[in-house]
Q: 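Starting off with a structure, shown below.
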Amino acid sequence: MSRPEHQAPPEIYYGDAEAKKYTQNTRNKQIQADMTYRALELLNLPSDEPAFLLDIGCGSGLSGEILEEEGHIWAGVDIAPSMLEVALERDINGDLFLQDIGQGFGFRPGSFDGAISISVLQWLLNAETSHPTSSPPHRLTRFFTTLHSALRNPSRAVFQFYPTSDDQIQLITSIAQKAGFGGGVVVDYPNSKKARKVFLCLFVGGGGTQQQMPKGIEGDDDEQVRFERRREKERKRDVSGKRKNMKDKDWILKKKELYRQRGKEGVPRDSKFTGRRRKPIF
């Protein structure tokens, strides 16, 4: 199953070094923050009351830090020991649990006021083994059934995830509904290839305005759409052959000077041959 470049791979494959590198990456942190704030918005929590929230696939605690900043208490579950180790090293305040969410939860009924999950839910669609109980429907059923029990009534759970087809969305939502959840899918920026985000917004009990289905954000995400348009324009220029060769002599000289300023050793000296194209040997 393919994934966008900003989507983390299954965290079970992270070693200690990779976990730290992922956590320190500025782009990863910004994307995680943006999606966490949006998930909190979709949770529709009371503005003046701290909530006890479950962060599903909490990783190294990037989302948890935002939950803390917003005045909430949280607990996190993750399948990767290396990511939880990084969270402990970063001295985050949430309670952490090593957990394969496909095996379900063991929390007491009604423990949490809500739940969020960023870029994790789609991995439940991978079969762990060939055994029938490891199939995606079985894993999803255990996950949603035990999560529904762990949430108080009324409450919400919001999942940002990356489906690869409408069939996947249908499978996930149908199993969630069988587990007792209401709600459905919210899509932000549906007309943008880069900015489009899919959220599953689920309800536990409760009627009235609190549990009305939220709407997705329409229009464009300016920053991401500008990037998309710029990349498309450059791609067309490449095809037409009109784009300037970026690795010409001036570009190489500037790059070498930058290396020298940074103290890099072994930078080749400038000469009349710098940037000159070599003739093919054959």
Q: I need the E85 CD to S82 OG distance, nearest 0.5 Å.
A: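 Result: 8.5 Å between the selected atoms.
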Q: Using only atom types and a distance under 3.5 Å, with no angle test, would you say the side chain of Q160 pairs donor to acceptor with the backbone of S119?
A: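 Answer holds: yes.
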Q: Are side-chain heavy atoms of L202 and L147 found at a separation under 4.5 Å?
A: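 SC-SC contact between L202 and L147 ruled out.
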Q: Starting at CG of N93, measure out to CD of E68 and round the result to the nearest 0.5 Å.
A: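 Between N93 CG and E68 CD, I get 4.0 Å after rounding to 0.5 Å.
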Q: Measure across S63 and T36 and return the closest heavy-atom pair with its distance rounded to 0.1 Å.
A: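 Nearest pair, atom of S63 first, then T36: OG-OG1, 2.7 Å.
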Q: What I'd like to find out is whether the side chain of F159 reaches to under 4.5 Å of the side chain of I56, using heavy atoms alone.
A: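 Side chain of F159 against side chain of I56, heavy atoms only: contact under 4.5 Å found.
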Q: Locate the shortest heavy-atom distance separating F112 from L53; write the atom from each residue and the value.
A: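 Result for this residue pair: CD2-C, 3.8 Å.
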Q: Does A51 offer a backbone N or O that forms a donor-acceptor pair with the side chain of H72 under 3.5 Å?
A: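 Side chain of H72 to backbone of A51, a donor-acceptor pair under 3.5 Å: yes, one is there.
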Q: Please say which of R38, K197, R196 ends up in a salt bridge (Lys or Arg N to Asp or Glu O under 4.0 Å) with D188.
A: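 The option that passes is R38.
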Q: Same cluster for V158 and L67 if Ile/Leu/Val/Met/Phe/Trp/Tyr side chains link at under 4.5 Å?
A: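 Yes; L67 is reachable from V158 via cluster members.
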Q: Are I66 and Q32 close enough that some pair of their side-chain heavy atoms sits under 4.5 Å apart?
A: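 They are not in contact (no side-chain heavy atoms under 4.5 Å apart), so the answer is no.
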Q: Look up atom CE in M83 and atom CG in L98, then write down how far apart they are to the nearest 0.5 Å.
A: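 Separation between the atoms: 13.0 Å.
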Q: Would you say the side-chain atoms of Q99 pair up with the backbone N or O of G104, donor to acceptor, closer than 3.5 Å?
A: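 Pair found, side chain donor or acceptor close to backbone of G104.
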Q: Once you round to the nearest 0.5 Å, how far does CE of M35 lie from CG of L42?
A: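 Answer for the CE-CG pair, M35 versus L42, is 12.5 Å.
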Q: Apply side chain to side chain contact (heavy atoms under 4.5 Å, CB included) to residues T26 and Q30 and explain how you reach the verdict.
A: CA-CA 6 Å; T26 302; Q30 184 59 56; 5.6 Å; no
Q: Which heavy-atom pair separates F52 from A75 by the least distance, and what is that distance?
A: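 Looking at all heavy atoms of both residues, the shortest contact is CE1-N, 4.0 Å.
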Q: Look at the aromatic rings of F143 and F105 and report parallel, tilted or perpendicular, splitting at 30° and 60°.
A: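 Ring orientation of F143 relative to F105: tilted.
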Q: Taking all non-hydrogen atoms of both residues, which atom of A39 and which atom of F199 are closest, and how far apart?
A: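 That closest heavy-atom pairing would be N-CE2, 4.4 Å.
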Q: Membership question, hydrophobic clusters at under 4.5 Å side-chain separation (ILVMFWY): are V86 and L88 in the same one?
A: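 Not linked; separate clusters.
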Q: Between the main-chain N or O of L171 and the side-chain N or O of S174, is there a donor-acceptor pair closer than 3.5 Å?
A: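 Yes, because the side chain of S174 sits within donor-acceptor range (under 3.5 Å) of the backbone of L171.
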Q: Dump the intermediate steps for side chain to side chain contact (heavy atoms under 4.5 Å, CB included) on V204 and H148, then the final yes or no.
A: CA-CA 7 Å; V204 177; H148 186 278; 3.9 Å; yes
Q: Treating R156 as the side-chain partner and G114 as the backbone partner, does any N or O pair qualify as donor plus acceptor under 3.5 Å?
A: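 Answer holds: no.
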Q: Just wondering, do S155 and D113 contact through their side chains at under 4.5 Å, heavy atoms?
A: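 SC-SC contact between D113 and S155 ruled out.
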Q: On a heavy-atom basis, which atom in P190 and which in E218 lie closest, and how many Å separate them?
A: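 Shortest heavy-atom separation between P190 and E218 comes out as CG-OE1, 3.7 Å.
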Q: Less than 4.5 Å apart, side chain to side chain, heavy atoms only: is that true for I79 and I101?
A: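 Sidechains of I101 and I79: no contact.
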Q: So, taking the atom named CG in D95 and the one named CD1 in I73, what distance separates them when rounded to the nearest 0.5 Å?
A: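 Result: 9.5 Å between the selected atoms.
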Q: Quick one: are Q177 and F144 in side-chain contact, heavy atoms under 4.5 Å?
A: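 Not in contact.
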Q: Side chain to side chain contact (heavy atoms under 4.5 Å, CB included) for L54 and W74? Distances and angles first, verdict last.
A: CA-CA 6 Å; L54 178 62; W74 66 283; over 6 Å; no
Q: Is L62 reachable from I31 through a run of hydrophobic residues whose side-chain heavy atoms are each under 4.5 Å from the next?
A: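 Different hydrophobic clusters.
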Q: Is there side-chain contact between Y162 and V198, with heavy atoms separated by less than 4.5 Å?
A: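 The answer is no; the side chains never approach within 4.5 Å.
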Q: Any chance you could lay out the side chain to side chain contact (heavy atoms under 4.5 Å, CB included) test for I172 and L125, step after step, and finish with the verdict?
A: CA-CA 9 Å; I172 290 172; L125 296 170; 4.1 Å; yes
Q: Find out whether D78 and L96 are in side-chain contact, i.e. whether some heavy atom of one side chain is under 4.5 Å from a heavy atom of the other.
A: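 Answer no - side chains too far apart.
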Q: How far does OH of Y37 sit from CD1 of I116, to the nearest 0.5 angstrom?
A: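 Taking OH in Y37 and CD1 in I116, the distance rounds to 11.0 Å.
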Q: Taking all non-hydrogen atoms of both residues, which atom of A195 and which atom of Y189 are closest, and how far apart?
A: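 The pair with the smallest heavy-atom distance is O-CD1, 3.5 Å.
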